[in-house]
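Here's the structure we're looking at; comments come further down.
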Amino acid sequence: MNVNMRPSFRGQGVSFLTREEMEQIHSCTLDILNDVGLEVQHKEAREKLKEAGCRVEKKRVYFPPTIVEWAINAAPSRILLYDRDGNFSMDVSGRNAYYGVGSAEPNIIDPFTGENRLCNEEDNKNCVKVADAMPYIDYMMSQCQVYDHPKTSYEHEYAAMIRYSSKPQVVITADLESTKNVVEMATVVRGSLDKLVQKPLFILYCEPTSPFVCTKESVEKVMYMAETGLPVLYAPIPMNGATGPITCAGSIIQANAECLAGLIIAEVTRPGAPFLYGAIITNMDLKSLQPTYASPETMMESLAMSEIGRELYRLPTWGTAGCTSSKLADEQAVLEGTQYITIAGFSGANVIHDVGYTQFGLAHSNELVVMMNDVIGRVRRLFDSINMSPDYLAMDDMKEVGPKGHFLGQDSTLRKNADHWESDLEDRNEYDRWLALGGKTMGQRANERVKDIIENGKLNSLPEELDAQIVAILDRIDAAEKETMK
């Protein structure tokens with residue numbers, strides 16, 4: 001089975017809302033959409049929404065419940081993603097949980113100097129190289145903003161992903177032109193746009209502006225992806241007490257309304273358009289005025305959205321985990337990232353991003369990616385649960401060994417040990433052996449792993465003829481960028 005074909009958790013899982021509470025949130029959302037509406041800053045979208053039965057007053061659009069329900073039912077319940085080579089990799093549906101890095105951090109914690117500095121194009125390439133080497137990172141997302149190319153940064157971020165990793169992707173773009181450039185690069189790899197639609201390589205990330213604004217740029221991207229038949233995400237990011245209500249329930253209702261507005265726009269553009277549902281909701285720390293990216297409230301709110309999407313709307317869902325408010329990949333980062341990864345996986349969110357985020361998303365840490373990769377491996381072992389098949393009950397072994405014996409000589413001990421998860425990063429040695437190996441902390445081992453991948457790892461590169469076509473696209477848009485900056 002492909003490493004990315006992850007089974008869903010077989011146990012009870014984690015739930016934050018009852019069915020009745022989800023229905024209550026949905027009812028409140030319908031009231032907000034119908035009574036408050038959203039500002040839609042795109043003329044063609046407003047016209048399509050009006051034709052579909054929405055009330056439009058200047059730029060404000062009011063969505064009646066019938067249109068909301070129609071759009072939810074029109075969207076597919078799963079999105080299938082394929083890797084760069086065209087292999088089936090991700091079934092984005094149900095409780096299947098996939099983890100990825102991201103997204104577009106402006107700074108990086110330099111693994112060689114420890115300096116917190118602005119990202120550059122070499123960092124972008126190295127981050128892809130590290131994430132590609134992690135067996136439990138299922139998909140790519142931009143990890144570094146490329147300040148070498150201020151107007152075409154997103155294209156360069158995407159080019160590194162498609163040139164140096166075969167994993168599927170979640171993609172950020174600046175605007176419609178940027179989106180078309182990314183689609184063009186993906187089409188080079190697939191061979192044609194039709195083949196890209198048949199086997200999607202990426203989901204496009206878009207977002208409204210909270211509270212209640214669908215910007216022209218975000219709507220253009222949603223409509224283009226819907227028209228093309230490629231999957232899109234419209235994820236609100238309200239912050240409790242700032243751009244969203246101070247309460248968890250209130251911010252969930254607002255985020256739900258904003259996300260569903262994006263869904264409706266996608267479906268009136270092209271019924272059946274593939275759409276990923278979800279939001280990232282953070283609560284503002286009133287002391288620092290920063291978004292608490294891995295607080296218990298953030299986890300509950302964001303994963304409750306995923307729960308609503310799966311259980312109530314039967315839509316593929318978006319989530320976040322493996323991130324931290326800490327400034328370094330330290331004990332706080334591991335605490336927050338581990339808890340979030342575990343809860344996100346058990347909650348059943350589908351596409352879970354932000355592994356490696358530090359400083360509220362302002363800096364990327366490759367060491368945190370490496371450590372969180374280990375955590376994801378642990379969580380995946382929990383997903384497998386306890387094997388209760390007859391051979392695993394070990395009845396014959398226990399009867400054969402009896403009192404005062406041991407199981408070291410049993411054939412099953414060697415055969416079944418392969419089913420026990422082992423870490424590439426943890427230390428399970430006794431103390432003296434650990435000291436003999438250098439007495440290193442987990443963070444130090446992660447740093448060594450990162451530096452080894454960057455310095456000695458082999459790039460997962462495209463064939464030369466395809467790579468040359470990607471470079472030609474970059475050269476073209478870079479030349480256009482220089483012209484506009486004159």
Side-chain angles (χ1 to χ4, degrees), residues 14 99-103 105-117 127 130-131 134 136-137 143 280 282-300 302-303 319-347 352-382 421-431 433-435 437-454:
V14 172
Y99 294 88
V101 289
S103 55
E105 294 97 316
N107 301 291
I108 188 169
I109 302 170
D110 192 305
F112 294 93
T113 67
E115 178 188 7
N116 187 88
R117 58 168 176 78
C127 287
V130 171
M134 296 297 104
Y136 302 114
I137 295 296
Q143 297 162 81
I280 307 165
T282 65
N283 57 301
M284 180 175 63
D285 183 273
L286 296 179
K287 296 177 183 177
S288 66
L289 302 182
Q290 293 295 323
T292 52
Y293 220 77
S295 68
E297 293 79 17
T298 294
M299 296 180 195
M300 287 190 295
S302 300
L303 295 175
T320 185
C323 48
T324 181
S325 298
S326 182
K327 311 308 167 284
L328 301 169
D330 58 6
E331 294 87 347
Q332 178 184 335
V334 172
L335 182 155
E336 293 178 336
T338 297
Q339 184 181 38
Y340 213 163
I341 280 173
T342 304
I343 293 177
F346 278 78
S347 77
I352 303 166
H353 80 308
D354 279 353
V355 174
Y357 245 29
T358 66
Q359 303 177 31
F360 322 104
L362 294 177
H364 178 78
S365 168
N366 281 309
E367 288 85 353
L368 188 58
V369 171
V370 171
M371 289 189 283
M372 292 301 100
N373 174 76
D374 221 56
V375 173
I376 297 166
R378 280 179 159 271
V379 171
R380 287 258 161 76
R381 180 61 188 91
L382 297 176
W421 181 78
E422 291 188 14
S423 167
D424 291 330
L425 192 63
E426 294 176 16
D427 181 273
R428 295 180 176 179
N429 295 294
E430 49 84 29
Y431 186 77
R433 174 64 175 160
W434 171 72
L435 277 180
L437 292 171
K440 298 168 186 173
T441 66
M442 188 176 187
Q444 290 170 323
R445 294 191 297 272
N447 178 257
E448 289 181 352
R449 176 84 172 112
V450 168
K451 290 190 287 191
D452 181 62
I453 292 171
I454 291 173

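Remember, it's a predicted structure, so these values are computed and weren't measured experimentally. Just the heavy atoms: all of them, side chains too, but no hydrogens, waters or symmetry mates, feed the values below.
Once rounded to the nearest 0.5 Å, the distance linking CZ of Phe360 with NZ of Lys327 reads 4.0 Å. Taking CG of Asn283 as the reference point, atom CE of Met299 lies at 10.5 Å (rounded to 0.5 Å). Atom CG of residue Leu303 and atom CD1 of residue Ile280 lie 11.0 Å apart, to the nearest 0.5 angstrom. To the nearest 0.5 Å, atom CD1 of residue Ile376 and atom CD1 of residue Ile341 are 4.5 Å apart. Interatomic distance, Ile343 CD1 to Ser302 OG, rounded to the nearest 0.5 Å: 11.5 Å. Atom-to-atom distance recorded for Asp330:CG and Met371:CE is 8.0 Å, nearest 0.5 angstrom.
More than 12 heavy-atom neighbours from other residues, nucleotides or ligands sit within 6.0 angstrom of CZ on Phe112. Applying the 6.0 Å contact sphere to CD of Glu430 captures more than 12 heavy atoms from other residues, nucleotides or ligands. Shown here is Gln444, whose CD atom has more than 12 heavy atoms of other residues, nucleotides or ligands within 6.0 Å.
Side chains of Thr338 and Arg378 form no contact here, defined as non-hydrogen atoms less than 4.5 Å apart. Using a 4.5 Å heavy-atom threshold, the side chains of Cys127 and Asn366 count as touching. Taking 4.5 Å as the limit, some side-chain heavy atom of Leu437 sits within range of a side-chain heavy atom of Arg433. Side-chain contact check for Val370 versus Arg445: every heavy-atom pair is 4.5 Å or farther apart. Asp427 places none of its side-chain heavy atoms less than 4.5 Å from the side chain of Met442.
The shortest non-hydrogen separation linking Gly114 to Ile109 is O-CG2, 4.2 Å. When all heavy atoms are compared, the tightest approach of Pro111 to Val450 is CB-CG1, 3.8 Å.
With sequence neighbours left out, Lys440 forms a salt bridge (Lys or Arg N to Asp or Glu O under 4.0 Å) with Glu448. Shown here are the salt bridge (Lys or Arg N to Asp or Glu O under 4.0 Å) partners of Arg117, two or more places apart in sequence or in another chain: Asp110, Asp123. Not counting sequence neighbours, Thr113 has no partner by the side-chain hydrogen bond (donor to acceptor under 3.5 Å, both in side chains) test.
For the residue pair Asp354/Tyr293, the side-chain donor-acceptor check at 3.5 Å is satisfied. Using a 3.5 Å distance cut-off with no hydrogens or angles, the side chains of Asp374 and Ser423 do pair a donor with an acceptor.
Among the candidates Thr324, Thr358, Thr292, Thr298, the single residue satisfying the side chain to side chain donor-acceptor pair (under 3.5 Å) test with Glu336 is Thr324.
Panel note: side chain Tyr357, backbone Ser103; a donor-acceptor pair is recorded below 3.5 Å. In terms of modelled atom types and a separation under 3.5 Å, the side chain of Tyr136 and the main chain of Tyr99 share no donor-acceptor contact.
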Give the C-alpha distance, both sets of side-chain angles, the deciding distance and a yes or no for side chain to side chain contact (heavy atoms under 4.5 Å, CB included) between Tyr340 and Ile352. CA-CA 10 Å; Tyr340 213 163; Ile352 303 166; over 6 Å; no

Report the C-alpha separation of His353 and Cys323 in whole Å, then their side-chain angles, then the decisive distance to 0.1 Å, and conclude whether the side chain to side chain contact (heavy atoms under 4.5 Å, CB included) test is met. CA-CA 9 Å; His353 80 308; Cys323 48; over 6 Å; no

